[in-house]
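To start, the structure under review is shown below, and the notes come after it.
Here the structure is a predicted model, which means the values were calculated and not measured.
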Number of protein chains: 2
Amino acid sequence: MAASGPKYVQIKDDLAAALATGTYPPDSKLPSETELAGRYGVTRMTVRRAVEGLVVDGLVSRRHGAGTFVLAQAEMSRPLNRVTSFTEDMRAQGYEVETRIVSREEVTPPGDVRSALRLDESALTVRLERVRLVNGEPVAIQRSWVPLGRCPGLARDDLVDGSLYVTFKSVYGIQIKNARQQITATAADQQQANLLRLPLRSPLLEVRRTTLDHNNSPIEVAETWTLPDIPLTIELNN
Amino acid sequence: MAASGPKYVQIKDDLAAALATGTYPPDSKLPSETELAGRYGVTRMTVRRAVEGLVVDGLVSRRHGAGTFVLAQAEMSRPLNRVTSFTEDMRAQGYEVETRIVSREEVTPPGDVRSALRLDESALTVRLERVRLVNGEPVAIQRSWVPLGRCPGLARDDLVDGSLYVTFKSVYGIQIKNARQQITATAADQQQANLLRLPLRSPLLEVRRTTLDHNNSPIEVAETWTLPDIPLTIELNN
DNA sequence: GAGTGGTCTAGACCACACG
DNA sequence: GTGTGGTCTAGACCACTCT
């Protein structure tokens with residue numbers, strides 16, 4: 001079991017690992033909460049919080065009076081319920097992720113980005129354009145704008161672990177909290193087609209996101225174009 | 001305070017009402033959890049579950065060590081934290097919605113639909129194909145499969161208020177609870193292009209949804225293809 | 001240091017599913 | 001009836017923020 005953080009997170013991670021390795025196959029029943037509580041040496045409340053996380057992540061489903069059941073997982077997908085990093089998402093599903101930086105420049109952002117970031121006209125941003133590769137194949141293009149004032153070293157320093165969000169947290173102490181996303185479909189232009197090795201005008205999933213820190217202050221505008229093979233998933237629990 | 005359901009739901013509703021009426025204005029601090037627990041005559045754990053719901057709905061934000069604060073509400077976007085119908089979504093934004101039924105048949109569903117609905121090979125479904133028009137223009141195609149066993153009259157009776165979900169509730173007593181959606185991009189095939197009056201291979205936003213009732217029993221598989229002009233907007237609150 | 005939210009315990013009773 | 005998840009109590013200690 002993992003060795004850091006609250007117990008319920010450790011237990012959740014441990015169960016998630018067990019699910020990933022097939023200890024509990026799809027449609028099978030998890031041990032009861034009482035059973036798990038005994039096994040992990042915690043109270044049932046703590047186990048419940050762990051399982052709650054698995055439910056939110058769409059890994060299991062509870063049925064009152066019957067039990068907790070393992071859900072079959074989609075091939076490759078990205079959860080939309082929480083703010084996540086592309087790298088983490090894919091690695092959590094056991095894929096090998098590479099990132100190629102296409103360009104990194106200090107630029108005056110376009111007007112819509114500037115207003116989303118609540119910057120004045122003279123403010124500079126770092127524009128970062130990356131291509132994501134999963135198992136060696138390009139699957140997504142990401143273009144991010146980050147206010148230079150918030151992350152002065154971003155224009156030159158390497159990203160920690162290849163991830164912008166990890167860099168935010170570990171270098172700048174910025175915790176991502178909320179986000180607003182707009183999702184639509186587009187046809188690949190020539191540059192996108194080249195980067196993703198697709199025919200011109202192939203359909204792409206476009207996500208435009210404004211990310212906010214814990215003070216609800218905007219920290220990033222990101223546009224992502226993804227191959228249709230990697231759908232977004234969202235689990236709604238009323 | 002509301003008079004039904006678990007206490008934490010009643011407390012959440014009560015607090016939500018207080019927020020809506022301005023008892024706690026934006027940026028103000030809620031009473032501490034200990035204080036609220038005393039006021040409602042419950043333990044702090046119960047208050048925490050109530051407040052948790054407000055956080056998920058994007059009404060308040062917690063800051064460890066500081067307090068729980070009221071968030072200003074976004075004007076336009078509707079949080080996608082509940083399962084909604086296309087009709088409701090669009091009408092809520094002031095658009096006029098029309099629905100044209102393209103076909104309604106009793107069919108043996110394709111394999112993927114059958115397994116999502118957990119049906120056996122002989123089971124029949126009602127396949128309903130509709131085109132949605134907003135302000136007179138076709139903007140979306142919806143194709144739904146519903147197990148015939150659950151809704152025997154669906155193959156012939158009119159939909160209540162033109163809405164499948166209203167029909168579920170009022171005719172069959174089925175309360176929609178959870179849903180799982182996969183979002184991706186596709187290129188319009190010939191039939192879709194005709195129905196939506198688009199060039200062949202235009203990009204479309206595709207949403208595939210499995211809807212579950214209160215027992216987490218699947219009640220509908222729906223595929224929706226929407227024009228890129230109508231993006232999905234999603235607000236995430238960690 | 002005082003006050004707040006974050007985690008956890010060790011019980012209890014209830015509502016529901018299933019054989 | 002038995003076992004399961006759903007709710008709730010009455011405490012406790014910790015981590016964090018603010019002054």
(message) Please determine whether a side-chain nitrogen or oxygen atom of B:Lys7 lies at a distance below 4.0 Å from atom OP1 or OP2 of D:dT9.
(response) yes
(message) If you assign A:Gly65 and A:Val42 each to the DNA chain C nucleotide with the nearest heavy atom, which residue ends up on the more 5' nucleotide?
(response) A:Val42
(message) Counting only side-chain nitrogens and oxygens, does B:Arg49 get under 4.0 Å of the OP1 or OP2 atom of D:dT7?
(response) yes
(request) Give a yes/no on whether any side-chain N or O of B:Arg44 is located under 4.0 angstrom from OP1 or OP2 of C:dT4. (result) no
(message) Counting only side-chain nitrogens and oxygens, does B:Thr68 get under 4.0 Å of the OP1 or OP2 atom of C:dG5?
(response) yes
(message) It should be established whether A:Tyr8 places a side-chain nitrogen or oxygen under 4.0 Å from OP1 or OP2 of nucleotide C:dT7.
(response) yes
(message) Rounded to whole Å, please give me the gap between CD in B:Glu52 and C1' in D:dT7.
(response) 16 Å
(request) Please tell me which of the listed nucleotides, D:dT4, D:dC8, D:dC18, lies nearest to the side chain of A:Ser32? (result) D:dT4
(message) Please determine whether a side-chain nitrogen of the Lys or Arg among A:Arg39 and A:Glu35 lies less than 4.0 Å from a carboxylate oxygen of the Asp or Glu.
(response) yes
(message) D:dT9, OP1 or OP2 - any side-chain N/O from B:Thr46 closer than 4.0 Å?
(response) yes
(message) Distance check needed: D:dG3 P versus A:Leu30 CG, whole Å only.
(response) 19 Å
(request) Determine: side-chain N/O of A:Arg62 to OP1/OP2 of D:dG6, distance under 4.0 Å, yes or no. (result) yes
(message) Expressed as a whole number of angstroms, how long is the span from B:Met45:CE to D:dA12:P?
(response) 16 Å
(message) Checking A:Arg132 against A:Gln142: is there a side-chain donor and acceptor pair closer than 3.5 Å?
(response) yes
(request) Please determine if a side-chain N or O atom of A:Arg48 lies less than 4.0 Å away from the OP1 or OP2 oxygen of D:dG6. (result) yes
(message) Any carboxylate oxygen within less than 4.0 angstrom of a Lys/Arg side-chain nitrogen, looking at A:Glu33 and A:Arg62?
(response) yes
(request) Can you figure out which of C:dG5, D:dG6, C:dC8 approaches the side chain of A:Glu33 most closely? (result) D:dG6
(request) Considering only NZ, NE, NH1 and NH2 on the basic side and carboxylate oxygens on the acidic side, decide whether A:Asp14 and A:Lys7 come within less than 4.0 Å. (result) no
(request) Flag the pair A:Val113 / A:Arg208 as yes when at least one side-chain heavy-atom distance between them is below 4.5 Å, and no otherwise. (result) yes
(request) Give a yes or no on whether a donor-acceptor pair under 3.5 Å exists between the nucleobase atoms of C:dA15, that is its base, and the side chain of A:His64. (result) yes
(request) Let me know the distance between CD of B:Glu35 and C1' of C:dA2, rounded to the nearest Å. (result) 16 Å
